[in-house]
Amino acid sequence: MNKYWNKKINQATPYVAGEQPRPGQKVIKLNTNENPYPPSPKVAEALRSFDTADLRLYPNTNSDIVRDAVAAVYGIERKNVFVGNGSDEVLALCWQTFFEKEYNTGKSVLTPEVSYSFYPVYSSFYDVRCEQVPLREEWRIEPGDYCGKDCCGIAIANPNAPTGRLLSIDEIRMILDANPDVPVLIDEAYADFAEGYKTAASLISEYKNLIVVMTLSKSYSLAGIRMGFAMGDEELITGLTMARDSFNSYPGDRVAQKVAETALLDRDYWEKTRQAIIATRRWVTDELRGLGFTLTDSHANFVWAKPPKKIDAQTLYNCLKAKGILIRYFSNPKISDHLRITIGTDEEMKALIDAIREEI
Ligand SMILES: *Cc1c(COP(=O)(O)O)cnc(C)c1O
């Protein structure tokens, strides 16, 4: 509480990110879903040839070189792409652009009850009513739960976080077909790690109300540059641009734009690293199941694991932390019996499994 803060800040409940190790501290960091591999080697080349004299100039406001790279990768057009300072910023702008304020409507945006914990934070910070829809058995999202409700929008992470479960394109279609009059946001932060699913961006020409949000932080190993983007009908992109230009006209700096463009266009490297993570996820899932853990079939770069009866999630989290291995524990009672473990390199995951063996 502070008397110089306004009421909104005094009442705010901000998002809490996974802890960052102190500089120089040696840890195995499996707590914020970063990619264990470095970004494409072409990024290093791009940085070496970057002309620092250009830094005196403002960047292109729309990050057009990134939009063009996204358009090439997804087979869409520049006008269907919006670029922001990390997908968290893109999501925040989506909340401000698409979902109605509670003082203008009695309707809520629907989000899964267990999902990216930023969604309820944005909702309350931007005065949007939020209805958290309970999941079904084994963390399943039932598309029917998002159909036939009088809402002001829908936001779903696919694959969902922290559960790793995936909706199919047909299930997303079902939600879109039932909600033609409200914006539907699909957050695909982890879609590149999914099996048997590419992207809902393939549907944007069919559905004028679909906005797909994506980040370079995970599958492109670029959490450090803050680049994310949204894909949708041109009118939706125009709305996002209006919100952006009411806040910060230059969300993507010159270095980040060049790096993002370079990484997006190196398809071979992207494919190689994402396959490596999928392969590691497979054996880690089997290994943990063998140790008595209960896991979903994760489609993301993390697993969602409930420890065997012998040890509870919080105790195991603390034991691993004492050994220099950081994973994510959530104190929210709905999910406090599970742990979210980012997929690292094979070496890191072997160290994790060995450390867990010593505790159970
Ligand atoms: C990591 C993550 C993001 C945010 O990524 P940025 O680093 O801000 O681009 C968005 N949505 C979900 C579900 C995430 O897990």
Side-chain angles (χ1 to χ4, degrees), residues 18-19 21 25-38 114-116 135 137-141 157-166 189-197 217-219 221 223 270-332 334-360:
E19 66 217 281
Q25 190 187 3
K26 244 188 101 51
V27 295
I28 296 181
K29 192 168 182 305
L30 307 174
N31 69 337
T32 52
N33 299 340
E34 287 142 330
N35 197 309
Y37 301 107
V114 176
S115 193
Y116 191 32
L135 301 185
E137 77 292 343
E138 293 170 10
W139 314 100
R140 187 173 64 86
I141 291 175
N158 197 45
N160 196 18
T163 66
R165 289 205 56 166
L166 182 74
Y190 301 105
D192 288 343
F193 304 108
E195 292 181 89
Y197 176 93
S217 298
K218 278 84 186 226
S219 56
S221 308
W270 168 84
E271 181 63 20
K272 206 170 74 184
T273 48
R274 109 195 154 84
Q275 290 299 348
I277 286 167
I278 291 171
T280 306
R281 181 180 70 206
R282 284 200 193 113
W283 76 252
V284 169
T285 301
D286 290 346
E287 197 76 24
L288 288 172
R289 282 184 178 146
L291 290 171
F293 284 71
T294 307
L295 284 85
T296 58
D297 287 323
S298 175
H299 287 267
N301 69 338
F302 55 81
V303 291
W304 183 233
K306 183 180 175 182
K309 284 213 171 58
K310 291 168 255 186
I311 190 162
D312 66 89
Q314 189 173 18
T315 308
L316 181 55
Y317 158 80
N318 282 318
C319 292
L320 292 173
K321 189 173 167 176
K323 291 182 169 168
I325 301 177
L326 289 180
I327 60 174
R328 192 81 194 260
Y329 163 75
F330 300 92
S331 58
N332 170 358
K334 288 220 166 0
I335 53 176
S336 60
D337 59 348
H338 275 63
L339 294 164
R340 194 195 68 192
I341 307 171
T342 304
I343 299 298
T345 60
D346 282 332
E347 248 181 18
E348 290 173 323
M349 300 318 277
K350 279 181 194 131
L352 167 87
I353 300 284
D354 288 345
I356 290 176
R357 265 213 192 88
E358 289 168 14
E359 301 300 335
I360 62 174

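What you see below is based on every heavy atom in this structure, not just the backbone, and it leaves out hydrogens, waters and symmetry mates.
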Visitor: Apply side chain to side chain contact (heavy atoms under 4.5 Å, CB included) to the pair Lys350 and Trp283, showing each step before the final yes or no.
Guide: CA-CA 10 Å; Lys350 279 181 194 131; Trp283 76 252; 3.7 Å; yes
Visitor: Is Ile278 close to Arg281 at the side-chain level, that is, under 4.5 Å between some pair of heavy atoms?
Guide: yes
Visitor: Calculate, to the nearest 0.5 Å, the distance between atoms OH and CG belonging to Tyr329 and Leu320 respectively.
Guide: 14.0 Å
Visitor: How long is the span from the OG1 atom in Thr32 to the CD1 atom in Ile327, to the nearest 0.5 Å?
Guide: 13.0 Å
Visitor: Are any of the side-chain heavy atoms of Ile353 and Leu291 separated by less than 4.5 Å?
Guide: yes
Visitor: Could you walk me through whether Ser298 and Trp304 satisfy the side chain to side chain contact (heavy atoms under 4.5 Å, CB included) test, starting with their C-alpha distance in whole Å, then the side-chain angles of each, then the deciding distance to 0.1 Å, before giving a yes or no?
Guide: CA-CA 7 Å; Ser298 175; Trp304 183 233; over 6 Å; no
Visitor: Would you say Glu19 and Lys321 make side-chain contact, with heavy atoms under 4.5 Å?
Guide: yes
Visitor: When you compare the side chain of Ile360 with that of Pro308, does any pair of heavy atoms fall below 4.5 Å?
Guide: yes
Visitor: How close do Glu34 and Lys29 get, counting heavy atoms only, and between which atoms?
Guide: OE1-NZ, 2.9 Å
Visitor: Donor-acceptor check, side chain of Asn301 to backbone of Asn33, threshold 3.5 angstrom: yes or no?
Guide: yes
Visitor: Could you tell me whether a side-chain N or O of Asn35 sits under 3.5 Å from a main-chain N or O of Lys218, the two making a donor and an acceptor?
Guide: yes
Visitor: Take Phe293 and Leu316, measure what side chain to side chain contact (heavy atoms under 4.5 Å, CB included) needs, and give me the verdict at the end.
Guide: CA-CA 12 Å; Phe293 284 71; Leu316 181 55; 3.7 Å; yes
Visitor: Give me the atom names and distance for the closest heavy-atom approach of Ser336 to Ala313.
Guide: O-CB, 3.5 Å
Visitor: Which residue pairs satisfy the salt bridge (Lys or Arg N to Asp or Glu O under 4.0 Å) criterion with at least one member in residues 291-318, sequence neighbours excluded?
Guide: Arg289-Asp297, Lys306-Asp337
Visitor: Go through Trp270 and Asp192 one step at a time and tell me if the side-chain hydrogen bond (donor to acceptor under 3.5 Å, both in side chains) criterion holds.
Guide: CA-CA 9 Å; Trp270 168 84; Asp192 288 343; 3.0 Å; yes
Visitor: Heavy atoms only: give me the nearest Pro21-Leu326 pair and the separation to one decimal.
Guide: CD-CD1, 4.5 Å
Visitor: Just how far is it from atom CZ of Arg282 to atom OG1 of Thr285, taken to the nearest 0.5 Å?
Guide: 9.5 Å
Visitor: Please name the pair of heavy atoms, one in Leu352 and one in Ile341, separated by the smallest distance, quoted to 0.1 Å.
Guide: CD2-CG2, 3.8 Å
Visitor: Does Asn31 reach the side chain of Tyr317, with side-chain heavy atoms less than 4.5 Å apart?
Guide: no
Visitor: Taking the side chain as every heavy atom from C-beta outward, state whether Ile356 and Leu288 have any atom pair closer than 4.5 Å.
Guide: yes
Visitor: Any luck finding a side-chain donor-acceptor pair between Thr345 and Glu347 under 3.5 Å?
Guide: no
Visitor: Could you give the distance from CG (Asn160) to OH (Tyr116), rounded to the nearest 0.5 Å?
Guide: 12.5 Å
Visitor: Which pair of non-hydrogen atoms, one from Ile343 and one from Pro36, has the smallest distance, and what is that distance?
Guide: O-CD, 3.6 Å
Visitor: Hey, could you give me the CZ/CG distance between Arg328 and Leu30, rounded to the nearest 0.5 Å?
Guide: 13.0 Å
Visitor: When rounded to the nearest 0.5 angstrom, what is the spacing between CG in Leu135 and CD in Glu138?
Guide: 12.0 Å
Visitor: Mind running side chain to side chain contact (heavy atoms under 4.5 Å, CB included) on Asp354 and Arg357 for me, showing each step along the way?
Guide: CA-CA 5 Å; Asp354 288 345; Arg357 265 213 192 88; 3.8 Å; yes
Visitor: Of all the heavy-atom pairs spanning Phe302 and Gly164, show the shortest one and how long it is.
Guide: CE1-N, 3.6 Å
Visitor: Under 3.5 Å, side chain of Arg340 to main-chain N/O of Ala161, donor-acceptor pair present?
Guide: no
